[in-house]
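The structure under discussion appears below in the form of C-alpha cells.
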Amino acid sequence: MTLIEMRDVGVTYNGSEAVQALDGVDLAVREGEFLCVLGPSGCGKTTLLNLVAGFIMPTTGSIRFDGRPIREPGPDRAVVFQDAALFPWLSVAGNVDVAMRMAGRPKHERVQTIHRLIEMVGLEGFENAHPHELSGGMRQRVAIARALALQPRVLLMDEPFGALDAQTRERLQDELLEIWERTKKTVLFVTHNVAEAAYLGDRIVVLSSRPGTVIAQINAGLPRPRERLSDGIRDLELELMRTLPGYKEQPTLTTERT
Amino acid sequence: MTGRGTQSWPRTVLWTAAPAVLGLLLWAAVAAVVRPRAPLPGPVETAGRLVELLSGQPLLDHTIFTHAVASLARWIVGFLIGATVGMAVATLIGWSRVAERLLMPMVYVAQLIPGLAWIPIAILLFGIGNTATVFMIVLTALSPVAVNMVAGLKSASEDHLRVARMAGARARDTFRHVLLPGSIPHLLSGLRVGLGNSWRVVVAAEMVVGTGTGLGYSIIQSRWTLDYSSAFVCIILICVVGLLIEYLGFAKLEEATIRRWGMVQAS
Ligand SMILES: Nc1ncnc2c1ncn2[C@@H]1O[C@H](COP(=O)(O)OP(=O)(O)O)[C@@H](O)[C@H]1O
Ligand SMILES: [Mg+2]
C-alpha cells in the first residue's frame with residue numbers, strides 16, 4: 001500500500017533571490033518499507049522531508065499521506081533531525097516524555113513508553129543524563145526514541161548519522177535496522193552517503209543536484225541481514241554512484257566507505 | 001588561560017589584594033591633600049567610624065543595621081514586584097502579537113530612561129516616602145527583565161519549534177514546554193541586570209525622596225550633620241552589597257544554566 005505519494009512536487013524558496021530546491025518530484029513510499037533518498041548536498045533532501053513532515057508546503061504539485069493531502073505537521077510523521085534537536089534543559093527521559101506530553105498522551109501511557117523506548121535505543125542508565133553529557137551518537141538515539149514515542153506511521157530521518165564517526169555510524173545503522181524490523185515502521189531516510197543508502201535501503205531514490213528531481217529508483221534486492229563488505233553491497237554502491245550527478249568512470253574504483 | 005588559571009594561591013591572594021591596597025593608598029593621599037581645606041575622612045578615620053557604627057552607635061536616630069536593612073528591604077520588595085511584572089509583561093508579549101505591538105515599544109523605551117528620572121512622577125503619585133522609592137525600583141527592575149525574557153522567548157530554534165509542531169502541540173504547550181524553558185538563560189541575565197540597577201537606584205532614590213532611613217538617606221544627610229566618615233561607611237556597605245550581587249547572586253546560577261542549556265559546550 002502506498003503511504004506517501006508525491007506528484008510533480010516543486011519547491012521554490014523566495015528569499016532575496018528565488019531558489020528552486022525541488023522540481024517535478026514524483027515519489028511513492030510504501031507502507032513498511034525502508035526507503036533511502038540519496039543525493040548530493042544542497043539538492044533538496046531536507047526540503048523533501050520538510051514537505052512530508054508538513055513543515056513547509058509545496059510550491060507546485062501535491063503530496064498525500066495515507067490518501068489525504070498534507071496540511072500540517074502531526075505525530076503520525078515523526079522527524080529525526082540532522083542534529084537531534086533535543087531540548088538541552090531536559091534529561092533523556094524528559095525529552096522523550098515532553099514529546100508525548102505535547103501530543104496529549106496520558107501520564108500512565110507515557111511512563112510505560114519512556115522506559116520501553118529508552119531500552120530499545122540502548123540508553124538504559126542514561127535516563128537522567130542531559131544532552132550536553134551525551135555523545136553525538138547517544139543524542140541521536142534519544143531523538144529516535146522521541147520520534148518513536150509519538151507512535152508515528154513513518155519515521156522521517158534527515159541524515160541522522162551524518163555527523164558521527166564511522167564506527168558509531170555503523171553501529172547506529174545496525175540498531176536502526178533492528179528497530180525497524182521490530183516495529184515495522186515505514187522509514188524515509190535521507191542521506192548523501194552512498195554506502196549508507198546501499199546498506200540500509202529496500203529501495204534507493206537518487207536525486208539530481210539542485211533543483212532536485214528523481215533521476216533513478218533502484219531496488220536493493222539484497223537479503224537481510226546484509227554484509228557490509230559483500231559483493232552485493234559493492235555492486236549496489238557502484239550502481240548508485242554511476243547514477244549520481246558528477247560521476248566519472250575511473251580505471252580503478254575505490255568504493256567510498258565513510 | 002592556563003598561565004593565569006593555575007597560578008598558586010599566594011599569588012592569587014596578592015593580585016586580589018593589590019587593587020584594594022592601591023585604592024586605599026589613593027584615598028589616603030587625596031584625603032591628605034584636601035585636608036587643609038575640607039574635612040575629607042581618610043581610610044583610618046572611616047575604619048574607626050565603621051567599628052563604632054557596627055558596634056551599635058546610632059546614626060540619624062537609628063543603628064547602621066536599621067539603615068542597611070531598610071535599604072535592602074526596599075530593594076528586595078521593589079525588585080520582586082518589578083521582576084514579577086516584567087516576567088508577566090514578557091509572557092504577554094511572547095504570547096500575543098497584539099500585545100507585542102502595543103507593549104514592546106513601551107518596555108524598550110522604558111529601558112532607556114534612567115530610574116531616577118521617575119523621581120518627580122514618583123513623588124507626584126505617592127508623595128515623599130517609602131512607596132515612591134519602591135515605585136522607582138519597580139520601574140528600574142521591570143525593563144531589563146522584560147526585554148531579556150522577550151529576547152529569550154524569541155530565541156527558540158526553528159527545530160525546537162518543529163519538534164513541538166510535529167507532536168501536534170497546542171500553542172499553550174509549546175509556550176510552556178519550549179519557549180519558556182528556552183528563555184531561562186536570557187531571563188537570568190535580565191534578572192541580574194535588574195538586580196544591580198535597582199540597587200543603585202535604591203541608594204540614589206533614598207537621597208532624593210527623603211525616606212528617614214536607609215544608606216542613601218544617611219549619606220545625603222551628612223551634608224547637614226558634617227558626619228562625612230559615616231557617609232563613607234555607608235558607601236562601603238553599598239559596595240559590599242553590590243559585590244555580593246555580582247559574585248554570589250546570579251553568577252553561579254547563570255553559569256550552570258548556560259552550560260546545561262548548551263549555550264556553551266561543557267569542557
Ligand atoms: N529556507 C530556505 N530559504 C532559502 N533557501 C533555502 C532554504 N532552505 C533550503 N534552501 C536552499 O535550498 C536548497 C536545498 O536545500 P536542502 O533541502 O537543505 O538540501 P539538502 O538537505 O539536500 O542539503 C539549497 O540550495 C539551500 O540553500
Ligand atoms: Mg539537509
Side-chain angles (χ1 to χ4, degrees), chain A residues 46 49-50 52-56 65 70-91 94-105 110 128-136 139 142-143 146-158 160, chain B residues 87 90-91 94-95 97 145 148-192 250-267:
Chain A
T46 299
L49 276 196
N50 285 342
V52 179
F55 296 145
I56 60 172
F65 180 79
I70 291 173
R71 292 188 208 289
E72 58 184 4
D76 49 359
R77 287 153 285 135
V79 181
V80 177
F81 295 86
Q82 200 160 357
D83 63 352
L86 303 177
F87 298 124
W89 54 86
L90 292 178
S91 65
N95 268 282
V96 178
D97 185 51
V98 82
M100 290 188 281
R101 277 180 86 157
M102 292 194 293
R105 301 275 157 75
R110 301 199 318 259
N128 298 318
H130 278 76
H132 76 272
E133 302 167 307
L134 303 177
S135 66
R139 283 200 282 267
V142 181
R146 174 176 68 187
L148 289 171
L150 294 174
Q151 298 177 356
R153 297 198 49 199
V154 61
L155 272 185
L156 306 172
M157 308 187 76
D158 190 359
Chain B
M87 288 189 278
T91 302
W95 183 253
R97 279 275 148 76
V145 171
N148 280 280
M149 187 175 168
V150 167
L153 292 172
K154 303 241 166 223
S155 72
S157 82
E158 176 80 51
D159 277 356
H160 282 166
L161 290 171
R162 283 177 166 176
V163 170
R165 290 175 67 200
M166 82 184 184
R170 291 171 301 175
R172 222 179 68 198
D173 291 328
T174 304
F175 192 82
R176 173 166 164 211
H177 294 297
V178 183
L179 297 182
L180 213 50
S183 76
I184 285 177
H186 287 82
L187 174 61
L188 284 179
S189 58
L191 289 172
R192 184 169 49 76
F250 279 94
K252 288 273 181 304
L253 185 60
E254 240 185 309
E255 212 175 281
T257 314
I258 284 173
R259 197 175 321 114
R260 168 172 289 194
W261 262 234
M263 294 172 84
V264 290
Q265 284 302 312
S267 51

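Just so it is clear, the model here is predicted, and its values are computed rather than measured. Chain letters run A, B, ... following the sequence lines, proteins first and then strands; every chain starts at 1.
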Is [X] close to chain B through its backbone or its side chain, or both, or neither, when contacts mean heavy atoms under 4.5 Å?
X        : result
A:Arg105 : neither
A:Leu90  : neither
A:Val79  : both
A:Asp76  : neither
A:Phe81  : side chain

* May I ask you to test the A:Leu156-B:Met166 pair for a side-chain heavy-atom distance under 4.5 Å? => no
* Structure fact -> Taken to the nearest 0.5 Å, the spacing of A:Phe55 CZ from B:Leu161 CG works out to 10.0 Å
* To the nearest 0.5 Å, tell me how far A:Trp89 CH2 sits from B:His177 NE2. => 11.0 Å
* Under 4.5 Å heavy-atom distance to chain A, tell me which part of B:Arg172 shows up: side chain, backbone, both or neither. => neither
* Go through A:Ala53, A:Pro75, A:Ala103 and name the one with the most non-hydrogen pairs under 4.5 angstrom from chain B. => A:Pro75
* **Max heavy-atom pair count under 4.5 Å with chain B, selected residue of A:Glu133, A:Arg77, A:Arg146, A:Gln82** => A:Arg146
On a heavy-atom basis, which atom in [X] and which in [Y] lie closest, and how many Å separate them?
X        : Y        : result
A:Leu86  : B:His160 : O-NE2, 2.8 Å
B:Val163 : A:Ala85  : CG2-O, 3.8 Å
B:Arg162 : A:Asn50  : NH1-ND2, 3.4 Å

